[in-house]
Protein chains: 2
Amino acid sequence: MDLPAARSAKQGIRAVAARAGVSTASVSRALNNPDAVSPSLRARIAQAIEAVGYIPHAPARILSSRRSRTLGAIVPTIDNTMFARGIASLQKYLSSVGYMLFLTTSGYDLDVELQQARNLIGRGVDGLVLRGDCHHDGLRKLLADNAVPFINVGIYQPDRPYPCVGTNNEAAAHRAAMHVIELGHRRIGIVSALQRNNDRASARVAGFRRALTETGLTLPSQWHVEVPYTLDDAREAARYLLSLEDRPTAVVCGNDVIAYGVLLEAERSGFSVPRDLSVVGFDDLDWSRHLRPSLTTIHVPTGETWQRAGEYLVRSLAGEQTIMHHEVDYSLVVRESTAPPSGT
Amino acid sequence: MDLPAARSAKQGIRAVAARAGVSTASVSRALNNPDAVSPSLRARIAQAIEAVGYIPHAPARILSSRRSRTLGAIVPTIDNTMFARGIASLQKYLSSVGYMLFLTTSGYDLDVELQQARNLIGRGVDGLVLRGDCHHDGLRKLLADNAVPFINVGIYQPDRPYPCVGTNNEAAAHRAAMHVIELGHRRIGIVSALQRNNDRASARVAGFRRALTETGLTLPSQWHVEVPYTLDDAREAARYLLSLEDRPTAVVCGNDVIAYGVLLEAERSGFSVPRDLSVVGFDDLDWSRHLRPSLTTIHVPTGETWQRAGEYLVRSLAGEQTIMHHEVDYSLVVRESTAPPSGT
DNA sequence: GTTTAGGATGTAACCGTTTTCAGAAGGGTG
DNA sequence: CACCCTTCTGAAAACGGTTACATCCTAAAC
């Protein structure tokens with residue numbers, strides 16, 4: 001006849017407990033709070049775990065403890081060096097403090113982002129890392145209703161009542177534009193990234209424009225082109241700008257990929273950079289300094305930014321008081337792609 | 001006096017059930033198998049879900065159903081265009097079939113990879129996507145012990161008893177080398193990626209070498225350099241090769257980043273490509289066709305490869321019979337960076 | 001010697017689902 | 001009208017952990 005043996009012990013923590021001759025509570029403690037169990041027991045349990053090949057079942061743990069030691073992140077796309085970098089840093093940091101990262105992508109679609117957030121919250125993440133502050137209203141409500149800690153990364157908005165970490169894109173873009181203005185340029189074009197659902201892109205455009213306005217320069221509408229994040233589109237934009245009767249002598253770009261496209265097309269069209277055209281990028285990707293001419297650009301410490309986002313959440317979850325708005329420094333890196341306009 | 005109300009209903013599926021005046025079983029069914037519940041009930045439940053703002057709790061669901069509709073993936077690094085591309089495709093496909101992806105990175109460390117696998121299995125993933133077939137022995141055992149379906153992606157090994165999907169890197173590399181040989185080159189150098197723990201890199205080297213051997217060419221040891229995945233290192237390697245008294249007239253590279261580095265350095269050192277030096281890349285990154293000279297390289301459909309890996313696992317999990325070894329085509333893309341050796 | 005404090009361990013309820021099983025309701029047949 | 005199928009629904013037992021609480025034990029304090 002069978003013993004009743006309510007929950008037998010063919011697997012899981014109960015199997016370990018049985019083998020070590022202890023209760024499941026002790027096994028759990030040995031795992032989560034080793035100091036709470038005597039060294040001898042701890043050793044016996046460790047051995048049992050090894051023998052059984054026990055792998056803790058995270059879902060059960062999450063269900064029971066209501067904490068997952070997992071953060072969620074939603075980025076527009078992973079197929080963009082800047083985001084890949086950031087995610088890599090974040091992930092590295094998180095794993096160093098025993099956290100995991102659940103990554104999803106939204107494709108710059110606010111509805112998808114909301115859906116992904118729902119997904120991640122349902123998954124039991126302890127906090128959420130979001131790109132920028134351009135979100136669906138439902139997302140804000142969702143976060144509030146479920147009391148999910150989160151942080152906006154890649155932007156700096158000290159006036160908002162929720163946390164963020166990033167560079168001040170507007171100011172950085174302003175700096176970039178001022179650079180060419182200071183060099184003597186008066187005819188300045190803009191090739192920006194798509195601004196729709198992308199506050200980083202629009203902040204940069206805003207910064208560019210402010211620099212122009214402040215210095216009394218005008219921006220004919222045909223001198224501002226918006227393009228997707230590809231070399232082909234950037235080249236097409238450059239071809240267009242350079243074909244204008246009345247063309248700019250300098251172009252400030254929304255990112256380095258665009259700037260590279262402009263560089264390529266300028267050369268292709270017989271313009272010499274920086275002699276006939278100055279070009280400024282934004283992001284300082286790895287290869288930007290290798291280009292010929294090497295690219296003048298804004299350096300943004302992406303890895304640091306994302307890591308800090310992780311730090312903020314982890315600290316908050318640990319109950320520590322943390323600064324809510326963290327500004328990450330940018331810097332203008334002047335290289336060969338900018339010079340005073342010829343004829344000056 | 002309080003009602004006993006065993007498990008009250010302040011949240012979760014019970015709250016929904018209470019509000020709709022049905023049992024939790026019905027709510028669960030309405031969610032997972034809508035056809036099993038009458039339309040009227042379904043509507044009532046849907047409304048209750050909406051009203052309560054119910055988000056299903058995935059961990060509980062996984063715990064109970066023993067399936068997570070989640071796949072795990074372990075890549076060496078996310079900070080490499082090829083992997084980012086692949087992961088993006090995989091993720092896109094998976095989300096289109098209602099699966100999620102849990103992504104982790106190993107940093108080319110087999111121990112870390114094993115640990116991550118343990119992590120993911122503990123997380124309850126239904127299957128695992130692994131890069132290549134270079135794994136820790138413990139990992140194979142782990143997969144077998146826990147009966148976790150998996151697939152090796154990015155390589156093609158039809159002789160192995162477990163699934164894989166990818167291009168035949170050895171053959172592709174052979175093709176690349178044959179290209180310059182057919183152009184008339186006899187002095188061919190190799191700048192490969194680091195081969196340690198990277199079977200893709202070593203397969204490519206093997207292919208290069210086989211082409212040389214088969215055509216009776218020799219490879220002086222100083223003509224083969226291994227470098228990390230950075231432009232700086234590639235340039236340094238190129239500088240070295242080009243400084244040799246007895247230097248090669250063509251260089252086949254382990255990937256496009258390396259090839260780009262070689263291109264840059266050749267130009268810097270006053271060599272003209274392809275006149276003085278032919279360069280072949282591998283991967284066909286986005287910008288490779290934009291370079292000047294544009295890069296002759298091997299095109300690898302990364303997105304397709306990773307998507308197929310997902311398809312394989314999803315189909316297997318659905319009980320469908322699927323082909324175990326899937327070869328993904330590569331193609332040689334001849335551009336401007338290769339030409340017959342000068343003086344021929 | 002008795003009391004007490006405190007640490008180590010065990011017991012068992014509970015976390016939020018799914019799912020088996022059984023019961024109820026409804027609709028054809030003979 | 002009794003019977004048997006279907007189809008729909010509900011009750012309750014898992015799933016594999018954590019943790020509040022109870023218990024036991026030892027050592028220090030009186």
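Just so we're on the same page: letters track the sequence lines, and every chain starts at 1.
- Counting distance only, with no hydrogens placed and no angle test, the side-chain atoms of B:S64 and the base atoms of C:dT17 include a donor-acceptor pair under 3.5 Å.
- Regarding B:N32, its CG atom lies at a distance of 11 Å from the P atom of C:dT17, rounded to whole Å.
- Note on B:L41: only backbone sugar-phosphate atoms sit closer than 4.0 angstrom, heavy atoms only; bases stay farther off.
- Backbone-only engagement by B:I55 is indicated by non-hydrogen atom pairs under 4.0 Å involving sugar-phosphate atoms exclusively.
- Formation of a donor-acceptor pair under 3.5 Å by the A:N32 side chain with backbone atoms of A:S28 is found in this model.
- For B:R61 against C:dG16, no side-chain N or O and base N or O form a donor-acceptor pair under 3.5 Å.
- Atom CZ of B:R42 sits in a crowded spot, with more than 12 heavy atoms from other residues, nucleotides or ligands closer than 6.0 Å.
- Nearest nucleotide to the side chain of A:Y54, out of C:dG10, D:dG10, D:dG17: D:dG17.
- Atoms CG (A:N33) and C1' (C:dA8) sit 12 Å apart, rounded to a whole Å.
- Taking the side chain of A:S65 as heavy atoms from C-beta on, and the options C:dT18, D:dT19, D:dG16, the nearest nucleotide is D:dT19.
- Nearest nucleotide to the B:S23 side chain, out of D:dA11, C:dA13, C:dA8: D:dA11.
- Note on the helix from C:dG1-D:dC30 to C:dG30-D:dC1: angle between the axes of the first and last five pairs equals 50°, rounded to 10 degrees.
- C:dA8 atom C1' lies 12 Å from atom CZ of A:R44, rounded to whole Å.
- Counting to the nearest Å, the P atom of C:dT9 and the CG atom of A:D35 are 13 Å from each other.
- Atom CD1 of B:I121 and atom P of D:dG16 are 15 Å apart (whole Å).
- The nearest whole Å value for the distance from the CD1 atom in B:I62 to the P atom in D:dG17 is 14 Å.
- Distance CZ (A:R29) to P (D:dA20): 11 Å, rounded to an integer number of Å.
- Checking the phosphate oxygens (OP1, OP2) of D:dG10, a side-chain nitrogen or oxygen of B:S26 falls inside 4.0 Å.
- Both A:P56 and B:T24 lie near DNA chain D, and the one whose nearest nucleotide falls closer to the 5' end is B:T24.
- Side-chain contact between A:D159 and A:H325 is absent, with no heavy atoms from C-beta onward closer than 4.5 Å.
- Within a 6.0 Å radius of CD in B:Q47, no more than 12 heavy atoms belonging to other residues, nucleotides or ligands are found.
- For the pair B:D133/B:C164, no side-chain contact is recorded, criterion being any heavy-atom separation below 4.5 Å from C-beta on.
- A donor-acceptor pair is defined here as one N or O able to donate and one able to accept, closer than 3.5 Å; no such pair exists between the side chain of A:R118 and the backbone of A:L142.
- Within 4.0 Å of A:V22, counting heavy atoms only, lie sugar-phosphate atoms of the nucleic acid but no base atom.
- Using a 30° and 60° split on the angle between ring planes, A:W306 and A:F83 fall in the perpendicular class, above 60°.
- Ionic pairing of B:D79 and A:R85 is present here: one or more N-O contacts between side-chain nitrogen and carboxylate oxygen are shorter than 4.0 angstrom.
- The interatomic distance linking A:R67 (CZ) with C:dC15 (C1') rounds to 14 Å, in whole Å.
- If you check distances only, the side chain of A:R66 never reaches the base of C:dG16 with a donor-acceptor pair under 3.5 Å.
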